[in-house]
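Counting begins at 1 with the first residue of the sequence.
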Amino acid sequence: MGIFGKRKSREEKAAEIVEQVAGGKGFYGRMTRATLGGEDYAKLQQTIGTYNSGATVRQLLAMGVPTTPAVVVSISDTGKLVNFDPVVDLVLQLTGATADPITLQTLVSKLRIPRAGDQVLLIADPANPGGYLYAGDGATP
């Protein structure tokens, strides 16, 4: 404990900085926005959102939220990487549904990239009613 109360861990400090950068607020957010410019800053925000959606999926799976099976119709590379893992565009068809295919832009492990015809799992997105988050193929935790 420090003189002025509880000190924050490095992870907590890093999470605060990421929130500032993503929101464009605070010193780090304003400096990042000014340095990168509008188009590159929008790409950065999208990348941070993609990374955060992976963390949200892990939390939801740990809480036991039910998953929905889907089949990969097509996959295409966006050319983006997050921690050396690719961000891809997935077109998915819910298993047993006759509705239109779902399109997601998501982060996938470079060791387990889905292919057309593979079955994957989706989780209902709590932040976007009617939307889904990619939850992998269910073979790995």
Could you pull out the closest heavy-atom pair between Val87 and Thr78, with the gap in Å? O-OG1, 2.6 Å
Of Ile102, Thr67, Leu92, the one forming a side chain to side chain contact (heavy atoms under 4.5 Å, CB included) with Tyr132 is Ile102
How far apart are the closest heavy atoms of Asp77 and Pro86, and which atoms are they? OD1-CB, 4.4 Å
Shortest non-hydrogen contact from Arg115 toward Val72: O-CB, 3.4 Å
d(Gln105 CD, Ser76 OG) to nearest 0.5 Å is 8.5 Å
Joint hydrophobic cluster, Leu81 plus Val88, side-chain heavy atoms closer than 4.5 Å: no
Could you tell me the separation between the CZ atom of Arg58 and the CG atom of Leu60, rounded to the nearest 0.5 Å? 11.0 Å
Assess the residue pair Leu104 and Leu122 against the criterion (side chain to side chain contact (heavy atoms under 4.5 Å, CB included)); give the C-alpha distance rounded to whole Å, side-chain angles, the decisive distance to 0.1 Å, and a yes or no. CA-CA 10 Å; Leu104 295 175; Leu122 302 175; 3.8 Å; yes
Atom pairs and distances, side-chain donor-acceptor, residues 28-40, under 3.5 Å, sequence neighbours left out:
{"from": "Thr32", "atom 1": "OG1", "to": "Tyr28", "atom 2": "O", "distance (Å)": "2.7"}
{"from": "Arg33", "atom 1": "NH2", "to": "Gly24", "atom 2": "O", "distance (Å)": "2.4"}
{"from": "Thr35", "atom 1": "OG1", "to": "Met31", "atom 2": "O", "distance (Å)": "2.6"}

Mind listing the closest non-hydrogen atom pair of Val91 and Pro101 along with its distance? CG1-CB, 3.7 Å
Taking all non-hydrogen atoms of both residues into account, name the closest pair between Arg112 and Asp137 and its distance. NH2-OD2, 2.7 Å
Please check if Leu111 and Ile113 belong to a single hydrophobic cluster, counting links between Ile, Leu, Val, Met, Phe, Trp and Tyr side chain heavy atoms closer than 4.5 Å. no
Could you grab the distance from atom OH of Tyr134 to atom CG of Leu121, nearest 0.5 Å is fine? 8.5 Å
Below 4.5 Å, heavy atoms only, C-beta onward: do Asp85 and Val108 meet side chain to side chain? no
